[in-house]
Amino acid sequence: MINSPAPSYLDELNEIQRNAVTTLEGPVMVIAGPGSGKTRVLTYRIAHLIKSGVAPWQILALTFTNKAAREMKDRIEKVVGSSANRVWAGTFHSLFARILRVEAHHIGYPNDFTIYDTDDTKSVVKEIIKSMGLNSKEYSVGAIRSRISSAKSNLITPKMYGYNEELLAQDKMARLPMLHKIYEKYVDKCKQAGAMDFDDLLLQMFKLLHKVPEIRTKYQNQFQYLMVDEFQDTNYLQYETIKLMVNYEGSNQNICIVGDDAQSIYSFRGATIENILQFSRDFPRVQTFKLEQNYRSTPFIIEAANKVIKHNKNQIQKKIWTDRPDGNKIKVIKAITDTDEGRRVADTIIEQKNRYNLSNQEFAILYRTNSQSRIFEEHLRKQNLKYRIYGGLSFYQRKEIKDLIAYFRLVVNAKDNEGFKRIINFPKRGIGKTTVDKLIQIADDNGVSLWTCITSIDFTGRSKKQLTSFVSLMKALRQKVQETNAYEAACFIAKKSGILDLYKNDPSIDSKNRLDNINALLDGIQEFVEDDEIAEGEEFSTDKSLARYLQNISLMTDRDTEDGEEVDVITLMSVHAAKGLEYKSVFVVGLEENLFPSYMSMSDPEKVDEERRLFYVAITRAEEYLTLSFANQRYQYGNSRMNSPSRFVEEIPHENFEAVITLTQKDHLSKPKILGNFKKAIGQGKLSYIDPSNFNPSPSHKIKEGMKVMHLKFGRGLVKKIDERMVASIYFEDLVDNAEKRIMLQYAKLEILED
DNA sequence: CGCAGGCACCACGTG
DNA sequence: GGTGCCTGCG
């Protein structure tokens with residue numbers, strides 16, 4: 001190992017990339033333009049650390065999306081094998097949540113804390129406004145939530161807020177003088193419910209490290225090497241937390257940040273480019289690498305991107321370039337209405353598929369707001385083009401799913417007031433609004449949770465019976481959860497709560513869909529329980545409890561749930577969601593003033609600059625073909641509005657454009673020909689077929705190293721190693737990617753083929 | 001207390 | 001175009 005030649009992956013890098021990868025000690029800053037091989041540098045750097053003898057679990061790699069984290073781990077695994085699983089790679093939120101699951105008791109939270117999602121948060125704020133007798137028209141939940149979030153992101157506690165003249169004056173101006181009081185109550189309520197919102201996952205992590213020296217030392221010692229992706233998207237709180245981990249006496253400050261100020265698009269949630277500029281001041285020993293060569297796009301696209309971003313002030317000097325030969329010019333579609341735009345985009349996709357022999361998965365339609373997706377969806381469906389929409393209402397946001405999960409939450413954490421309110425009278429059990437309001441009032445007055453309230457107060461009158469039976473239902477559910485695994489418990493809850501019956505007994509289509517969704521959720525839980533593979537990035541754990549399951553899903557978005565079957569689909573998503581991705585052919589649509597740039601940004605030059613960076617991100621997703629489109633007229637909020645073309649289109653030199661296509665009457669009449677689907681055979685991932693009924697798993701204690709085995713899901717494999725925790729490393733011959741899996745023998749379904 | 005229908009309000013992006 | 005809140009009636 002030690003005498004082996006220089007690792008071959010280093011040959012895949014250009015000189016600057018290689019230097020960034022091999023500079024392991026001390027602070028490192030990588031400024032990476034779009035398409036410059038940033039992910040490659042990040043992953044190879046981690047691989048290089050491991051090859052240089054650093055233990056995988058000593059590496060902390062923070063990203064902003066689950067997708068980015070997963071991709072990173074997949075790629076590290078290709079270089080260093082399955083030990084990549086032990087790298088702490090994930091989003092800030094998910095990794096901090098994981099640590100807090102172990103340490104939260106140090107700062108006064110239960111380790112089984114609930115994570116409040118945006119809806120829960122809104123509901124808490126709403127309740128506070130009501131209880132304070134404030135006018136809900138003046139105190140809008142959205143505005144308050146964002147002020148609270150921003151206070152947390154800037155490490156301003158409710159107490160500090162109350163003393164901060166500037167903030168108080170701002171609130172007065174905004175006619176929200178009681179905001180600091182609401183903030184204070186909000187924090188109390190969450191704490192009391194044993195709940196953390198998304199900001200708390202960061203804030204409480206900071207507090208944990210800040211206030212508990214032995215915990216701080218523990219993690220400072222563990223994480224010898226830190227990497228932060230998309231550093232331009234970090235907020236003050238995140239940066240302070242990172243510094244807390246890296247800065248201590250005797251620290252080597254092994255931190256590597258990767259970012260691009262031109263792609264900073266999250267200032268709305270407190271991200272600040274200032275962090276990149278500040279980094280060099282905070283870490284004067286920093287070594288900086290600038291990746292400017294673009295490997296993704298053709299020259300016309302790159303030139304357009306450079307020209308557009310030049311309109312922004314305040315940026316780190318850099319210019320991306322490519323040595324790729326000339327490609328296609330940028331196509332512009334001028335449509336009359338939003339409907340025309342949808343139709344023309346669908347037509348153009350068909351045309352490109354035929355002319356360039358492209359498959360669906362090589363296309364993406366990117367828009368500024370999720371609400372624009374519907375029109376494209378309709379037209380793609382009309383043309384029989386397969387697509388998938390990301391964002392919007394996710395599986396976990398559906399009512400029936402949220403209801404069932406609310407039961408899970410309340411069973412696991414009795415203090416979870418938001419879960420409580422959701423299900424106290426669902427399905428209907430005769431506990432009406434009056435009773436619930438009374439409960440909330442009493443709980444609030446006494447500073448206890450609703451559950452404590454309901455169990456410790458002797459109720460009188462009509463509701464008494466119903467409340468008593470609800471309490472005994474919950475106790476029965478809790479009992480079951482203690483005794484059994486997540487799947488059995490979940491089925492029990494779905495049944496005993498009456499949710500299953502409710503939808504089963506209603507013949508409507510709507511109920512059938514909801515029932516299907518609930519069954520899909522239960523299937524997912526069964527999978528979680530039966531899964532014998534150690535999930536990527538997860539610590540070794542045989543915990544199959546409902547509590548554990550909840551932890552797994554509370555930070556998931558629908559982008560993380562694999563649809564499985566359909567791979568060859570056109571992608572529809574917001575530009576924000578597209579960051580970090582690339583497609584052969586990209587359509588950036590709705591390029592009109594007031595839409596992109598958004599009407600909310602128009603009054604503030606800095607906000608328009610952010611919109612421009614967003615546009616920069618959008619067009620640099622394209623590898624070969626870029627199409628920009630806009631409509632003269634568009635339906636917004638139910639009425640038709642006229643908008644002029646986006647200034648961003650004008651900022652691209654017109655010689656980069658194909659002749660502009662205008663919609664004519666003739667175009668309306670002509671129907672494009674639909675040719676057959678150019679579906680490319682996807683040879684990967686084909687597994688040998690196993691008939692489950694003929695499959696006889698062998699007892700797990702008989703599995704030994706060196707055996708050839710059959711796995712129901714992965715096919716034939718060779719047991720390479722079994723460690724002391726009874727985790728087997730098995731190489732599956734049918735798998736193309738990540739063929740070596742770590743399997744928990746305790747749960748394994750393996751049949752011995754040869755000793 | 002439950003239900004149906006009307007209506008206001010909201011759609012910018014993510015974990 | 002969807003959702004969730006309010007109101008009035010049974």
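Residue numbers start from 1 in every chain, and the chains themselves are labelled A, B, ... in the order their sequence lines are given, proteins ahead of strands. Excluded from the calculations below are hydrogen atoms, water molecules and symmetry mates; all remaining heavy atoms, backbone and side chain alike, are included. Keep in mind it's a predicted model, so treat the numbers as computed, not measured.
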Taking only residues two or more places apart in sequence or in another chain, which ones pass salt bridge (Lys or Arg N to Asp or Glu O under 4.0 Å) with [X]?
| X | answer |
| --- | --- |
| A:Lys189 | A:Glu127, A:Asp444 |
| A:Asp200 | A:Lys152 |
| A:Lys399 | A:Asp403 |
| A:Arg145 | none |

Under 4.0 Å between any heavy atoms, over every strand shown, what does [X] touch: base, sugar-phosphate, or nothing? Just pick one.
| X | value |
| --- | --- |
| A:Ser598 | nothing |
| A:Asn425 | sugar-phosphate |
| A:Ser94 | nothing |
| A:Phe64 | sugar-phosphate |
| A:Lys126 | sugar-phosphate |
| A:Asp117 | nothing |

- prompt: Below 4.0 angstrom from OP1 or OP2 of B:dT14, is there any side-chain N or O of A:Thr118?
  reply: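 For B:dT14, neither OP1 nor OP2 has a side-chain N or O of A:Thr118 closer than 4.0 Å.
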query: Any side-chain N or O of A:Tyr599 under 4.0 Å from OP1/OP2 of B:dC12?
result: yes
message: Check this for me: does any side-chain nitrogen of one of A:Arg381 and A:Glu377 sit under 4.0 Å from a carboxylate oxygen of the other?
response: yes
- prompt: Can you name the residues that form a side chain to side chain donor-acceptor pair (under 3.5 Å) with A:Glu400, not counting sequence neighbours?
  reply: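 Scan of A:Glu400 (side chain to side chain donor-acceptor pair (under 3.5 Å), adjacent residues dropped) gives A:Arg514, A:Asn517.
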Show the distances under 3.5 angstrom between N or O atoms of the protein and N or O atoms of nucleotides 3-5 of chain B.
{"residue": "B:dC3", "atom": "OP2", "partner": "A:Lys428", "partner atom": "NZ", "Å": "3.3"}

query: In whole angstroms, how far is the P atom of B:dC1 from the CZ atom of A:Arg429?
result: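 Computing the A:Arg429:CZ to B:dC1:P distance gives 14 Å.
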